[in-house]
Protein chains: 2
Amino acid sequence: MSAMQKERRMRVHNFFPGPAALPLEVIKQVQSEMDDFAGMGMSILELSHRTDQYDQVHNEASALLRKLFGIPKSYHVMWLQGGASMQFAMLPMNLLRDGQSADYIETGVWSERAITEAQIIGKARIAGSSKSDGYVRLPKLDFDPDAQYVHLTSNNTIMGTQFAEYPDTGSVPLVADMSSDILSRRVDISKLGMVYAGAHKNLGPSGITVAIMSDEMLQRCREDLPTLLKYSTHDENNSMFNTPVTFTIYVVKLVLDWIEKSGGLEAIEKINEEKAKLFYDFVDNSGGFYTCGIDKVDRSKMNAIFNLPSVDLEEKFSSEAWTEGMVGLKNLPQRGGCRVSMYNAVSVESVKELLSFMKRFMEVNG
Amino acid sequence: MSAMQKERRMRVHNFFPGPAALPLEVIKQVQSEMDDFAGMGMSILELSHRTDQYDQVHNEASALLRKLFGIPKSYHVMWLQGGASMQFAMLPMNLLRDGQSADYIETGVWSERAITEAQIIGKARIAGSSKSDGYVRLPKLDFDPDAQYVHLTSNNTIMGTQFAEYPDTGSVPLVADMSSDILSRRVDISKLGMVYAGAHKNLGPSGITVAIMSDEMLQRCREDLPTLLKYSTHDENNSMFNTPVTFTIYVVKLVLDWIEKSGGLEAIEKINEEKAKLFYDFVDNSGGFYTCGIDKVDRSKMNAIFNLPSVDLEEKFSSEAWTEGMVGLKNLPQRGGCRVSMYNAVSVESVKELLSFMKRFMEVNG
């Protein structure tokens, strides 16, 4: 057994929905240079953001994100605080003027929250909702051609659905909350007006939200807002109007390095497809012991929702899995059941270990 | 030479204004458990905030802060995102209704920014300003008894002044931005309506702002705001309405442990007084080679501003100091000159090393 294999044995299989698994080599690098960053004789935690050394980390994170995600030059990249939840408010604050309306697609808890904020600030029209179906599928859509933008949640972490493709919104810019599937697959950014995503699923630890915005949308943003709530403030100051979350951006940069070394998004996408296929095929062929009530075409490749024959068995399942080193398999009360989150840093091997456990569990309890 | 001494030799003396020096033992603990937090088989970076293990870190941070800072039970403690700059906006958004006004004390760059935000949102009256004096002292004050609150910057990081004592504002609640001097000394919190502070000077790395608010002030906050911008949202959800910056809170908790082990605020205050006295005495007795233009009674114990005979010498000074392992001594362009930041984690030994260098530099260049 190699040292690396031994190392992996000591690690649990982390299926948490976020904060979530990170690549082991990123964690090892953070660990090894924690007391001395870049030979500076101090920790990255102690490094002023007003230094060339931090600048380099910050700018490399932006450049790598642009490269890996194929972000057109005319788009702006901003590193923001407050999570996706702050974007739920900032987006309508910046884009809606008196009487103007935006279209929202309602597909679960997070889009509900985005809609709530937009309705506090301006007008939000529902362009489609699958709420009455219990969110087991994505809804039929009907757009308002006069909307300022269309908002959707690209992947529904709690509900287990995902847009395999984004709808055509014509000349109305599409805004995608990609918090739980950013960089999990290739996306044609030029077809979107804006992307935003909290870091703590596919990008790094919690504390940073990235916003990618077309120049056309940025030009339309309001200026009569508190300084920190204006996108223009962050854009004009290279996301350093005030002290950025330096450590989180540093880890994000290491994760982006890891994605590049892993072959970029084409390779990552292939692995994510393999994991999802392995998982859903197993569930669909379990003779009804494990079930997934989500429409096949709308199933998420990041967060797979599944049920066991009873709530008691679901409790037993997630608890025994934890004991066997497979953690984070219980879904939130809003949806119930079980969930396996398979973000970029969750390996095919981890999913196979889980399936092997699920098979044993079914044999004993089926 | 012990291993610990050897270790210290490899570390620079960090006089950055923030992010800034952290206790070495905190960095060592972060490093040692980076790949396995609390025997969980995962990094703290990967740990979901919806776990008992994270809850414990989060709640211990709050409890320790309450204990060390003597926060009365009726006060609320919140861990927020967006830095002090977000508080510049959240405070007037929550506290000012139509026609209501707040008093602001203008003592430097950061209070200017706080005033700008308050004026975007409501009415901000200047209760005193030392702007025309170049901020070399704290201003005379004159309060509006009908103000909703009085705002001051407890310590002026860039200008080098600090309120040795807070003014009596009568029945109007006093709000103190303590970003650069929180936990540097004992404070009677019961005399304040609110305290807020970005973490990245005395508390930990960047990414977290703590807000401490009296129950009376919290009750007066507006509810007709975007969810994340309401203090009540964070208070009612134990600062976990959305994903908190888990890693930063974890490091803050370790820094609070360190303060407790160091003897609490009484001991910390004594050390900070010793460092400041050493530094200012040296400058005042340097025969005019080093000068500090700040009124003696208003000098900051956290950030000491000083000048050399010329801008060229100041450049040479900070550059040679860096080479000798003393970093972060150049002030920002807004104030110019040099600055030594002596936060809690900067040792008396570091200040003595600096003074020894300053003596040598004066001998060669004086």
Side-chain angles (χ1 to χ4, degrees), chain A residues 10-12 14 16-22 24 27-28 30-31 34-36 40-51 81-86 88-89 93 113 116-117 120-121 198 200 204-207 224-229 241-248 251 325 327-328 332, chain B residues 7 10-12 14 16-22 24 27-28 30-31 34-36 40-43 45-51 81-86 88-89 93 113 116-117 120-121 198 200 204-207 224-229 241-248 251 325 327-328 332:
Chain A
M10 291 170 60
R11 267 171 73 78
V12 293
N14 186 338
F16 275 125
L22 291 174
L24 183 59
I27 290 169
K28 289 293 180 189
V30 171
Q31 181 167 43
M34 178 53 71
D35 62 345
D36 187 12
M40 293 189 74
M42 68 175 75
S43 171
I44 179 76
L45 305 178
E46 305 173 294
L47 178 62
S48 167
H49 59 300
R50 306 286 183 203
T51 53
Q81 294 187 55
S85 295
M86 186 60 88
F88 297 165
M93 285 178 89
R113 284 201 184 180
T116 300
E117 293 315 298
I120 290 172
I121 292 150
H200 55 280
S206 61
D224 56 342
L225 299 170
T227 309
L228 222 61
L229 296 170
F241 174 77
N242 63 339
T243 314
V245 189
T246 52
F247 175 78
T248 301
V251 182
V327 308
L332 292 180
Chain B
E7 185 65 55
M10 292 169 57
R11 266 169 76 76
V12 293
N14 185 338
F16 275 125
L22 291 174
L24 183 59
I27 290 167
K28 288 294 180 189
V30 171
Q31 182 168 41
M34 179 52 72
D35 62 344
D36 187 11
M40 292 189 75
M42 68 175 75
S43 171
L45 305 178
E46 306 171 295
L47 178 62
S48 167
H49 60 301
R50 306 286 182 200
T51 53
Q81 294 186 54
S85 295
M86 186 59 88
F88 297 165
M93 285 178 89
R113 283 201 185 180
T116 300
E117 294 315 298
I120 290 171
I121 292 150
H200 54 279
S206 61
D224 56 341
L225 299 170
T227 309
L228 221 63
L229 297 170
F241 174 76
N242 63 338
T243 313
V245 189
T246 53
F247 176 77
T248 301
V251 182
V327 307
L332 293 181

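Within every chain, numbering begins at 1; the chains are lettered A, B, ... in the order of the sequence lines, protein sequences first and strands thereafter.
- When each of B:V251, B:V327, B:V245, B:V30 is checked for heavy-atom pairs under 4.5 Å with chain A, B:V245 comes out on top.
- Only the backbone of A:A20 comes within contact range of chain B, with at least one heavy atom under 4.5 Å from a heavy atom of that chain.
- Both the backbone and the side chain of A:F241 come within less than 4.5 Å of a heavy atom of chain B.
- When each of B:G328, B:G83, B:A21 is scored by its heavy-atom pairs under 4.5 Å with chain A, the top score falls to B:A21.
- Distance check, rounded to the nearest 0.5 Å: CG of A:L229 to OG of B:S85 gives 11.0 Å.
- The side chain to side chain donor-acceptor pair (under 3.5 Å) search around A:T227 returns B:E117, not counting sequence neighbours.
- Within the 4.5 Å cutoff, the side chain of B:M42 has heavy atoms near those of the A:F16 side chain.
- Considering only heavy-atom pairs separated by less than 4.5 Å from chain A, the leading option among B:S48, B:P205, B:P17 is B:S48.
- Residues that satisfy the salt bridge (Lys or Arg N to Asp or Glu O under 4.0 Å) test with A:E46, not counting sequence neighbours, are B:R11.
- Residues B:P19 and A:L45 have side chains not in contact (no heavy-atom distance under 4.5 Å, counting atoms from C-beta outward).
- Both the backbone and the side chain of A:H49 come within less than 4.5 Å of a heavy atom of chain B.
- The shortest side-chain heavy-atom distance between A:M86 and B:Q81 does not fall under the 4.5 Å cut-off.
- Of all heavy-atom pairs spanning B:D35 and A:I27, the tightest one is CA-CG2, 3.9 Å.
- Side-chain atoms of A:T246 and B:S206 include a donor-acceptor pair closer than 3.5 Å.
- Using a 4.5 Å cut-off between heavy atoms, A:L225 contacts chain B through its backbone alone, with no side-chain atom that close.
- Comparing A:G82, A:G18, A:G198, A:A89 by how many heavy-atom pairs each has under 4.5 Å with chain B, the most go to A:G82.
- Smallest separation of non-hydrogen atoms from A:I120 and B:P226: CG2-N, 4.0 Å.
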